[in-house]
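Take a look at the structure below.
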Amino acid sequence: MAEPQPRPVQPVAVSGARRRAPLVHGGRTGAGPVVRSAQGRPCALSGLCAVDVVRGGHHLPRRHPVVLMARQGRNMMKQSQLFLNTLREVPADADVVSHQLMLRAGLIRQHAAGVYSFLPLGMRVLHKIETIVREEMDAAGAQEVMLPALQLEELWRQSGRSEDYGPLMFRVTDRHGRAMVLGPTHEEVITELVRHEVRSYRQLPFTLYQIQTKFRDEARPRAGLLRLREFRMKDAYSFDIDEEGLDRSYRAMFDAYCRIFDRIGIAYRAVDADPGAIGGEGGTHEFMVLSEAGEDTVVGCEACNYSANIEKASGQALPAAGSSGVPAKARVATPGVRTIDDLVQTLGVAKAQVLKVVVYLADGQPVAACVRGDHEVNEVKLKNTLRARHLELASPEAVEALTGYPVGFVPPTISIPVVFDRDVASVADGVAAAGAGYHEVHVVPGRDVVLTRVADIRNVTEGDLCPHCGGRLRFFRGIEVGHVFKLGTKYSRAFGATYLDEKGQERTILMGCYGLGTSRIIPAIIEQCHDEDGIIWPLAVAPFHVHIVPVNVRDEQQVKAATMLYQRLAAAGVEVLLDDRDERPGVKFKDADLIGLPLRVTVGNRVAEGKVEVKVRKTGEVQVLSLEEAFQTILHTVK
RNA sequence: CGGAGCAUAGCGCAGCUUGGUAGCGCGCCUGCCUUGGGAGCAGGAGGUCGUGGGUUCAAAUCCCGCUGCUCCGACCA
């Protein structure tokens, strides 16, 4: 590094008490060690005047290293020393509020698309989140490990996921030409590990977890920390002998997740989900933080607690319509009428009467999906119905080549396999395409169109009825911060992870896996906890608990009071940030609001009467208190 | 991977249409002054205009290629 290093300076005279003084985070109350400047003056605040460092060609730190060491601890930080640069203006590349605030408050800086550095404040938040996660994992009986981030590609071939993940994996080659990947997840590694360790049912069950940096070469990183290519994740894996055990392990993790989000202090919902590429034979839930910035649509019932990812959500089937009174179908010329909207216009029918046909390629084979004109095909459901590995919308050219009909004119009676949504049956008097330039009216599903294969393959819509209680379904946006799966034997079978039961029979281990995006939780929190002035940290994850702001650091009384409170609080285990900068009050207040620590103590003119102000960031509520009262109040709030 | 946009000082931007050797605000440094909501005055530092090529006497500006970043879509534990 080209940065100039501080040159050695002569040691500062330090009172003899220093060596014996307990470190501030030792939990003992009392004044901090007395530090004197080289001139022998007691240093009132922060060493602002502690040491006059001789300046050479380069600027040297104003404060002497010895002073720093004697006065530092995880509970205390002077803002003049903090590696923090707040931004007054909104960076042009950030248009999601959590991203803007993380940059402005100096939590993170971008390195590349989807790759960020965590600065001290951001690191403290991440650390707190991961500490909570660790505590709850441990409390749930899981054991921490750390698995390789650098993994043999061979392992991914064994599970068949090397191809599944494809370009999503960062691939590297070692000096011997061996193919390796940067781990996007760890099912393979852990299963391979466990397979070698477990022989007997006596060794089961257990759950292992790790907190790791993971790598996914996302096609489109997004919105700051919401979708990263290098990100932090806690992942846990459970190993059981039977379904019952797996249920217990799953439940333990599910409950631990609830405690984690409760402790962090954000609103979340556990929703039914689709297992997606990770596979899995049992249940799965996603933990969603509700936020407009979220990438997922969450469906929730107004009346009961049913909620599901839209990929998974089902409503009650719509009542089927009969064919009574519907005239025989008739062919009409509809040249150029390609879209549903066109049909509605030209034929004067309702969207809900139209039978929409969409052509897909399922593992390369053409398949048509037929849904009502006002409904959307749910590709996840369709893919699951077809048991396909890959499903993609056919291009217009492909549609014509495969079906012989142009897009918009593919009839539901086509010869390629057609999957009908179950709610197609709700169409009484329908309209369907009938080849290029024609449609048919008075079409009755079942009568005029043979429903060869019927399944739920559409997205629910707002207003559909809850499958559990019949209440109305509503949509929300959510950020997926956690996902728990019952994997069953998918990986254990692929890797031969087995055990011998009581009878000496070889059996396959049942697995569960449980992910939690620790870095993604940060923007999720901020999305929920901010106002126009900045972040509003929940106490449990705030980088510090209290921000002490002496209004004028040239006022000796203010400095003295602020420092005293700072040291007492820190010694009592409160995490305190002291704004000892010689800045104007406005600047300090703006920064304090932006950084968003839960409590702010303003030490101003009223200190003459022994009073300071304690302000709650979230509510704006201000209390004028004596120093002692302030100390007690803060202590009780934080502890 | 498709579509769109952007790239000029640490940050936010102007300059480009009509080529003549770079500017504004904020921040930063020095001094004075000021200290309860991003003050004021004076002085100052800082830019191979993303990159490679081309056109031209002359390119931030015109042309071509590349790269990076952002957004929309596709994709997605």
Side-chain angles (χ1 to χ4, degrees), chain A residues 55 58-59 85-96 99-100 103-104 106 109-115 161 164-169 183-188 214 216-224 226-229 231 233-237 273-280 284-287 295-296 309 311 379-380 383 390-393 395 480-487 490-491 512-517 520 533-534 549-555 558-559 579 581-594 600 602-607 612-613 615 620 622 624:
Chain A
R55 300 199 174 191
H58 298 293
H59 294 297
N85 196 11
T86 57
L87 305 179
R88 187 182 297 217
E89 297 183 76
V90 180
D93 278 344
D95 52 15
V96 173
H99 188 201
Q100 294 172 354
L103 291 167
R104 290 225 294 136
R109 289 291 182 255
Q110 184 170 25
H111 172 75
V115 183
R161 285 208 299 177
D164 288 356
Y165 269 66
L168 195 61
M169 286 206 283
T185 176
H186 287 73
E187 282 82 18
E188 279 77 2
K214 307 210 176 193
R216 291 182 196 173
D217 195 0
E218 294 284 353
R220 193 147 95 77
R222 258 198 81 230
L226 235 34
R227 183 161 291 270
L228 291 169
R229 295 197 296 168
F231 58 101
M233 176 171 275
K234 184 284 304 178
D235 52 320
Y237 304 91
D274 182 86
I278 199 157
T284 172
H285 288 87
E286 287 171 340
F287 284 78
E295 298 175 285
D296 290 277
N309 193 304
E311 292 178 348
E379 296 184 7
V380 172
K383 185 169 158 183
H390 297 285
L391 183 75
E392 59 175 330
L393 196 62
S395 67
E480 181 190 349
V481 288
H483 205 157
V484 292
F485 293 90
K486 288 182 191 171
L487 291 174
K490 171 166 176 174
Y491 297 92
C513 84
Y514 317 93
L516 190 70
R520 181 182 279 182
D533 292 318
V549 181
V551 170
N552 180 357
V553 294
R554 302 190 185 183
D555 180 317
Q558 289 182 20
V559 166
D579 191 351
R581 297 173 303 163
D582 186 9
E583 288 287 354
R584 299 177 60 82
V587 173
K588 294 181 162 198
F589 293 148
K590 285 290 186 190
D591 273 346
D593 287 344
L594 178 61
R600 186 180 92 196
T602 310
V603 182
N605 289 329
R606 297 207 221 186
V607 82
V612 296
E613 291 162 28
K615 181 172 182 178
V622 178
V624 179

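Computed from a prediction, not measured in an experiment: that's the story for all the values here. Chain A is the first sequence line, chain B the second, and so forth, proteins listed ahead of strands; every chain is numbered from 1.
One cannot find a donor-acceptor pair under 3.5 Å joining the base of G38(B) and the side-chain atoms of Glu583(A). Counting atom types as modelled, Arg554(A) pairs a side-chain N or O with a base atom of U35(B) as donor and acceptor under 3.5 Å. Side-chain N/O atoms of Glu613(A) and base N/O atoms of G36(B) include a donor-acceptor pair closer than 3.5 Å. Side chain Arg220(A) to base U70(B): no donor-acceptor pair is found below 3.5 Å. Residue-to-nucleotide contacts include no donor-acceptor pair under 3.5 Å from the side chain of Arg88(A) to the base of C11(B). Put simply, the side chain of Arg600(A) and the base of G36(B) share no donor and acceptor less than 3.5 Å apart. Residue side chain Lys615(A) reaches the base of G37(B) through a donor-acceptor N/O pair under 3.5 Å, judged by distance alone. Side-chain N/O atoms of Asn85(A) and base N/O atoms of G10(B) include no donor-acceptor pair closer than 3.5 Å.
Of the candidates C13(B), U35(B), G36(B), the closest approach to any side-chain atom of Ala92(A) belongs to C13(B). Nearest to the side chain of Val587(A), among U35(B), A39(B), C69(B), sits A39(B). Between C76(B), G12(B), G38(B), one nucleotide has an atom nearer to the side chain of Glu89(A) than all others, and that is G12(B).
Across all strands shown, G38(B) remains unpaired; no Watson-Crick or G-U wobble contact has both distances below 3.5 Å. Under the Watson-Crick or G-U wobble criterion, with both distances below 3.5 Å, C62(B) is paired with G54(B). The nucleotide G2(B) finds its pairing partner in C72(B), both defining distances of the Watson-Crick or G-U wobble pair being shorter than 3.5 Å.
Base engagement by Asn605(A) is indicated by at least one non-hydrogen atom pair under 4.0 Å involving a base atom. Residue Gln558(A) is out of contact with every strand shown, counting any heavy-atom pair closer than 4.0 Å. Residue Ala113(A) is in sugar-phosphate contact alone, with no base atom involved, counting any heavy-atom pair closer than 4.0 Å across all strands shown. Among the heavy atoms of the strands, none lies under 4.0 Å from Asp235(A). Contacts of Ala592(A) with the nucleic acid, taken as non-hydrogen atoms under 4.0 Å apart, are absent. Counting any heavy atom pair closer than 4.0 Å across all strands shown, Arg104(A) reaches a base atom.
Salt bridge status for Glu187(A) with Lys490(A): absent, with no side-chain N to carboxylate O gap under 4.0 Å.
Nucleotides of RNA chain B nearest to Lys214(A) and Pro585(A) differ in position, and the one nearer the 5' end is that of Pro585(A). Comparing Glu295(A) and Ala94(A) by the nucleotide of RNA chain B that holds the closest heavy atom to each, the one mapping nearer the 5' end is Ala94(A).
Taking atom P in both A9(B) and U61(B), the straight-line distance is 15 Å, to the nearest Å. Straight-line distance between the P atoms of U17(B) and C26(B): roughly 29 Å, to the nearest whole Å. Using C1' as the reference atom, G38(B) and G68(B) are 32 Å apart when rounded to the nearest Å. Going from the C1' atom of U8(B) to that of G40(B) covers 30 Å, rounded to whole Å. Distance check on atom C1': G19(B) versus G73(B) gives 39 Å, rounded to whole Å. Taking the P atom of each, A59(B) and G2(B) are spaced 35 Å apart, rounded to whole Å. Using P as the reference atom, C28(B) and A39(B) are 10 Å apart when rounded to the nearest Å. Using atom C1' as the reference point in both G15(B) and G20(B), the two lie 14 Å apart (nearest Å).
Between Arg584(A) and U34(B), a side-chain N or O to OP1/OP2 separation shorter than 4.0 Å is absent.
For the pair Arg104(A) and Thr86(A), the minimum side-chain heavy-atom distance is 4.5 Å or more. Annotation: side chain of Asp591(A) is in contact with side chain of Arg581(A) (closest heavy-atom distance under 4.5 Å).
Put simply, CZ on Phe589(A) is 14 Å from P on U35(B), counting in whole angstrom units. For Arg581(A) and C28(B), the CZ to C1' distance is 14 Å, given to the nearest whole Å. For the pair Asp579(A) CG and U35(B) P, the computed distance is 18 Å after rounding to whole Å. Distance, Asp95(A) CG to A4(B) P: 19 Å, rounded to whole Å. A straight line from CG of Asp593(A) to P of G36(B) spans 17 Å, rounded to a whole angstrom. Regarding Glu218(A), its CD atom lies at a distance of 14 Å from the P atom of C69(B), rounded to whole Å. Between Asp93(A) atom CG and C72(B) atom P the separation is 13 Å, expressed in whole Å. The distance between atom NZ of Lys590(A) and atom C1' of A39(B), rounded to the nearest whole Å, is 14 Å.
Here Asp582(A) contributes atom CG and Lys588(A) contributes atom NZ; the two are 7.5 Å apart, rounded to the nearest 0.5 Å. Separation of atoms CZ (Arg229(A)) and NE2 (His111(A)) is listed at 9.5 Å; rounding is to 0.5 Å. Atom CG of Leu87(A) sits about 4.5 Å away from atom CZ of Arg109(A), to the nearest 0.5 Å.
Within a 6.0 Å sphere centred on CZ of Arg222(A), heavy atoms belonging to other residues, nucleotides or ligands number more than 12.
Not a single donor-acceptor pair under 3.5 Å links the side chain of Glu218(A) to the backbone N or O of Arg220(A).
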